[in-house]
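Below, chains carry the letters A, B, ... as their sequence lines are ordered, and counting in each starts from 1.
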Number of protein chains: 2
Amino acid sequence: MTDKKENILKAALELFANEGYNAVSTNAIAKKAGVSEGLIFRHFENKKALLDSIMQMAEQKINIVFAPILFETDPLNVIHHSISLPFQIEESEYDFWRLQFKLKWQSEYYNVDKMKPVIDKFIWAFTMLGYQNPALEATFLEQIIETISIGILRNGKESQLNYQQFLINKYQ
Amino acid sequence: MTDKKENILKAALELFANEGYNAVSTNAIAKKAGVSEGLIFRHFENKKALLDSIMQMAEQKINIVFAPILFETDPLNVIHHSISLPFQIEESEYDFWRLQFKLKWQSEYYNVDKMKPVIDKFIWAFTMLGYQNPALEATFLEQIIETISIGILRNGKESQLNYQQFLINKYQ
DNA sequence: TTTTTTATAGTGAGTACTTACTTTTTATTT
DNA sequence: AAATAAAAAGTAAGTACTCACTATAAAAAA
């Protein structure tokens with residue numbers, strides 16, 4: 001991948017994440033990336049394909065982030081690790097995640113199955129720990145993690161630290 | 001308010017909620033509302049003011065929906081009633097709420113204080129019930145309610161019914 | 001009551017400008 | 001010189017918004 005292509009992807013990510021896909025023009029992306037507008041269309045078929053390319057990278061990142069949980073063998077660790085996960089996101093990747101949550105509200109990008117392996121792991125963990133309703137506990141935990149992530153993206157990690165401890169105590 | 005003005009508001013709400021503000025043209029709104037494009041700008045200063053008008057109506061609805069909770073005198077009822085609240089949303093109002101959640105990701109519309117009175121009521125309830133950390137429990141509950149609401153808007157009420165019972169059992 | 005005035009509601013073609021995308025021209029590498 | 005990469009210029013279809021004008025209806029004056 002050429003430098004300029006990477007610049008385009010980076011610029012597009014930042015703009016899409018903060019302003020929204022429709023609000024950002026290809027001209028604005030080109031300017032931010034320091035390239036001509038035409039170059040965008042040499043590297044990507046159209047504006048939509050540029051977004052798709054970003055989202056594909058996102059899916060890889062999601063897999064990497066959740067991989068340690070899938071390999072975790074201690075059920076309680078699965079839960080505690082999951083709660084702590086959002087706090088390990090680097091600030092440089094916030095745009096990435098902001099875009100994910102934004103696009104969750106654009107139906108064509110909402111993909112339920114993306115989290116399936118993680119939820120299955122949660123169900124396994126809650127079963128092992130003898131919880132009454134592992135399936136519901138699992139989706140509950142998933143949503144809690146999402147909520148913390150949103151809180152961090154909006155108000156920073158510090159704002160959610162108490163919350164992290166509070167939740168870890170809940171799951172003992 | 002004239003019929004046509006109401007048509008414009010209705011059409012704009014539906015389109016904004018499903019496609020997103022920037023993705024919808026005033027031309028599309030006019031066509032859906034069955035009016036001339038010019039009429040939109042007679043009734044509203046600009047496209048943004050049309051959205052503002054919709055959001056103002058939304059704020060009123062939010063107040064009405066949460067009012068019963070603020071007047072509730074039994075702390076456990078506050079919690080149970082809150083969990084059940086999302087299930088009382090009528091299907092005809094889904095667009096309304098979808099737009100709310102969508103715009104939460106557009107910073108200028110995100111208003112923390114909107115829910116302040118409700119959270120204060122939650123804190124009061126958890127304090128009365130002798131919980132160790134009422135403030136954190138309150139934001140936790142708020143986020144749970146938001147999560148259920150999102151689930152309902154995405155997958156319908158039925159999909160969240162088990163969840164409702166599960167949560168009410170959690171708070172006994 | 002009839003006529004006149006004034007305000008409001010509504011239209012649809014036109015405005016300047018922006019959009020995503022294409023074609024042509026220029027620079028750089030092999 | 002040939003091939004590739006990038007920039008610049010261009011295009012046609014939209015975009016939000018305006019404007020001159022008409023239709024309706026309420027208020028005021030006769």
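Using a 4.0 Å heavy-atom distance criterion, B:Lys5 is classed as making no nucleic acid contact.
Atom CZ of A:Phe122 sits about 3.5 Å away from atom CD1 of A:Ile145, to the nearest 0.5 Å.
Judged as a salt bridge (charged side-chain N to carboxylate O under 4.0 Å, His left out), and not counting sequence neighbours, B:Glu142 has no contacts. Residues forming a salt bridge (charged side-chain N to carboxylate O under 4.0 Å, His left out) with B:Asp120 (at least two apart in sequence, or on another chain): B:Lys116. For B:Ser159, there are no side chain to side chain donor-acceptor pair (under 3.5 Å) partners two or more places apart in sequence or in a different chain. Residues meeting the salt bridge (charged side-chain N to carboxylate O under 4.0 Å, His left out) test with A:Glu137, sequence neighbours left out: B:Lys170. In this structure, A:Lys31 has no salt bridge (charged side-chain N to carboxylate O under 4.0 Å, His left out) partners at least two apart in sequence or on a different chain.
Counting heavy-atom neighbours within 6.0 Å of B:Lys157 NZ, excluding the residue itself, gives a total above 12. Other residues, nucleotides and ligands contribute more than 12 heavy atoms inside 6.0 Å of the CD atom of B:Gln172. Applying the 6.0 Å contact sphere to CD of B:Gln88 captures more than 12 heavy atoms from other residues, nucleotides or ligands.
Inter-residue side-chain proximity for A:Met115 and A:Glu146 is flagged as unmet; no heavy-atom pair is nearer than 4.5 Å.
When all heavy atoms are compared, the tightest approach of A:Asn22 to B:Ala23 is ND2-CB, 3.3 Å. In plain terms, the two heavy atoms of B:Gln100 and B:Ala58 that are nearest each other are NE2-CB, 2.8 Å.
Sorted by first and then second residue, the pairs that involve residues 16-40 of chain B and meet ring-ring contact (aromatic ring centres under 6.0 Å, His included), not counting sequence neighbours, are B:Phe16-B:Tyr21. Among residue pairs with one or both ends in residues 75-95 of chain A, those qualifying as salt bridge (charged side-chain N to carboxylate O under 4.0 Å, His left out) are A:Lys61-A:Glu93, A:Asp95-A:Arg98; sequence neighbours excluded.
Per the geometry, CD1 belonging to B:Ile8 stands 11 Å off P belonging to C:dA9, to the nearest Å. Computed from coordinates, the A:Asn46 CG to C:dT19 C1' distance equals 14 Å when rounded to whole Å.
Within the helix from C:dT1-D:dA30 to C:dT30-D:dA1, the inter-axis angle between the opening and closing five-pair segments is 10°, rounded to 10°.
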Enumerate the protein-to-nucleotides 11-15 of chain D contacts in which both atoms are nitrogen or oxygen and the separation is below 3.5 Å.
none

Are any protein N/O atoms closer than 3.5 Å to N/O atoms in nucleotides 23-25 of chain D? If there are, list each pair with its distance.
none

Between protein and nucleic acid, restricted to nucleotides 26-30 of chain C and to nitrogen or oxygen atoms under 3.5 Å apart, what atom pairs and distances do you find?
none

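Seen from the ring of A:Phe44, A:Lys5 counts as a face-on cation partner, given the 6.0 Å and 45° thresholds.
Within residues 29-44 of chain B, the residues approached by DNA chain C to less than 4.0 Å at the level of any non-hydrogen atom are B:Val35, B:Ser36, B:Gly38, B:Leu39, B:Arg42, B:His43, in residue-number order.
Taking side-chain N and O atoms only, B:Lys4 has a distance below 4.0 Å to OP1 or OP2 of C:dT11.
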